[in-house]
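Below is one structure, written out as structure tokens; the observations come after it.
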Amino acid sequence: MAMIEVEGLNLSFGEGAEATQVLHDVCFQVGDGEAFGLVGESGSGKTTVLRCLAGQYNHWRGRLSIHGEGLGRKLDHARCRKVQMVFQDPYGSLHPRHTVETALAEPLAIHGMDRRSERIDSILGKVGLPANFRYRYPHQLSGGQRQRVAIARALILEPRILLLDEPTSALDVSVQAEILNLLADLRVRDGLTYLLVTHDLGVVAHLCDRVAVMQQGRIVDLLETSAIVGSQPAHPYTRMLVEASRHYSRDMANPPVAA
């Protein structure tokens, strides 16, 4: 049985003649324990799919299901226990005036889970942070440490699925590999299922088994990750993304400022 099923997902913003459709009959499945990537240029609809699954948008049409159970429009506690999201910007997703302990204790309190202090220590250790980090504020952490806290907050409810919205794009290159390795280890250790949104094919190659390519709100290609890394993809848009990634240079994206 698939862990995630998306069938005929459509979404529009606006009303009547002013409505703009942003998702067009999106369909894919993610197996239990699989890491599945959604790639495409900005505005292709990748994150919108994640937000539908996370319950941030509830006016979609189609069918969404988790472990064979159809999702309704209303977000409930059971769904939050099964599915959690890790956002792109770890600083923006953590309250600047809340300690790590407060950020981790809040979901435990909402869901009435016991042994809260013990759970906080355990989850910090699982993401590679010392227990005394529970007393720190976000501004006292590095970018990589903040993202580890964000991952810990997502995992503390013991979900089966993580929705990953470009989880390394806001981090320094030297830290990105550490977070990707952490996610890979957690997936194996806890049997997690990942749905990863990214524009970075290197991240897909590192973490994902399969990938769907999105363009203008549609899935235009669905293939094994090895087909991107080791061969020439058949779809022209996928080939374009692969070629663009090969010629991409971080130095070109961040040219030196003239004196």
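Sequential numbering from 1 along the given sequence is applied to the chain's residues.
Applying the ring-ring contact (aromatic ring centres under 6.0 Å, His included) test to pairs two or more places apart or on separate chains, those with a residue in residues 4-27 are F13-Y57, F13-H59. A side-chain hydrogen bond (donor to acceptor under 3.5 Å, both in side chains) check over residues 116-130, counting only residues at least two apart or in different chains, returns the pairs D114-R119, R115-E118, S117-R134, R119-E158, D121-R134, K126-D190. Counting only residues at least two apart or in different chains, salt bridge (Lys or Arg N to Asp or Glu O under 4.0 Å) contacts with residues 32-58 comprise D32-R160, E34-R210. Screening residues 185-206 for ring-ring contact (aromatic ring centres under 6.0 Å, His included), with sequence neighbours left out, gives no hits. Residues in residues 147-156 take part in no side-chain hydrogen bond (donor to acceptor under 3.5 Å, both in side chains) pair, two or more places apart or across chains. A salt bridge (Lys or Arg N to Asp or Glu O under 4.0 Å) check over residues 14-26, counting only residues at least two apart or in different chains, returns nothing. Within the structure, the ring-ring contact (aromatic ring centres under 6.0 Å, His included) test picks out the following pairs touching residues 106-162 (sequence neighbours left out): H77-H111.
Between Y237 and H235, the ring planes lie perpendicular to each other; the angle is over 60°, past the 30° to 60° tilted range.
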**Message:** Run V49 and M214 through side-chain contact (heavy atoms from CB on, under 4.5 Å) and show every step you take.
**Reply:** CA-CA 10 Å; V49 173; M214 294 194 68; 4.2 Å; yes

**Prompt:** What's the verdict on side chain to side chain donor-acceptor pair (under 3.5 Å) for S44 and Q215, showing C-alpha distance, side-chain angles and the deciding distance?
**Reply:** CA-CA 5 Å; S44 62; Q215 182 183 29; over 6 Å; no

**Item:** Working for side-chain contact (heavy atoms from CB on, under 4.5 Å), residues V242 and L201
**Value:** CA-CA 7 Å; V242 171; L201 295 182; 3.9 Å; yes

**Request:** Start with the C-alpha distance between T238 and L241, add both sets of side-chain angles, then the distance that settles side-chain contact (heavy atoms from CB on, under 4.5 Å), and finish with yes or no.
**Result:** CA-CA 5 Å; T238 307; L241 290 179; 5.6 Å; no

**Message:** Assess the residue pair T48 and L11 against the criterion (side-chain contact (heavy atoms from CB on, under 4.5 Å)); give the C-alpha distance rounded to whole Å, side-chain angles, the decisive distance to 0.1 Å, and a yes or no.
**Reply:** CA-CA 9 Å; T48 304; L11 184 74; 3.3 Å; yes

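Inter-residue side-chain proximity for V83 and L71 is flagged as unmet; no heavy-atom pair is nearer than 4.5 Å. Contact check for L53 versus I4: side-chain heavy atoms found under the 4.5 Å cut-off. Using a 4.5 Å cut-off on side-chain heavy atoms (C-beta onward), D172 and S142 make no contact. Considering only heavy atoms from C-beta on, L155 comes within 4.5 Å of L192 through its side chain. Taking the side chain as every heavy atom from C-beta outward, T20 and S12 never approach each other to under 4.5 Å. Side-chain contact between N132 and P130 is present, with heavy atoms from C-beta onward closer than 4.5 Å. By the 4.5 Å heavy-atom criterion applied to side chains, Q145 and L129 are counted as neighbours. Side chains of S169 and T198 form no contact here, defined as non-hydrogen atoms less than 4.5 Å apart.
Every residue two or more places apart in sequence or in another chain that forms a side chain to side chain donor-acceptor pair (under 3.5 Å) with T99 is listed here: T102. By the side chain to side chain donor-acceptor pair (under 3.5 Å) test, E7 pairs with no residue at all, sequence neighbours left out. E69 is linked by a salt bridge (Lys or Arg N to Asp or Glu O under 4.0 Å) to K82, counting only residues two or more places apart in sequence or in another chain. By the salt bridge (Lys or Arg N to Asp or Glu O under 4.0 Å) test, R218 is found to be paired with no residue, residues two or more places apart in sequence or in another chain being considered. With sequence neighbours excluded, the residues satisfying side-chain contact (heavy atoms from CB on, under 4.5 Å) with D76 are A78, R79.
In this structure, D165 contributes its side chain and Q88 its backbone to no donor-acceptor pair below 3.5 Å. Side chain of R146 to main chain of P138: a donor-acceptor pair is present (N/O by atom type, distance under 3.5 Å, no hydrogens or angles). Looking at R81, its side chain does come within 3.5 Å of a backbone N or O of L157 through a donor-acceptor pair. Panel note: side chain R63, backbone L9; no donor-acceptor pair is recorded below 3.5 Å. Judged purely by atom type and a 3.5 angstrom limit, Q176 uses its side chain to pair as donor or acceptor with the backbone of L171. Within the 3.5 Å criterion, the main-chain N or O of V197 finds no donor-acceptor partner in the side chain of E166.
Heavy-atom neighbours of R97 CZ from other residues, nucleotides or ligands within 6.0 Å: at or below the threshold of 12.
Under the 4.5 Å side-chain contact rule for hydrophobic residues, L183 and M85 do not share a cluster.
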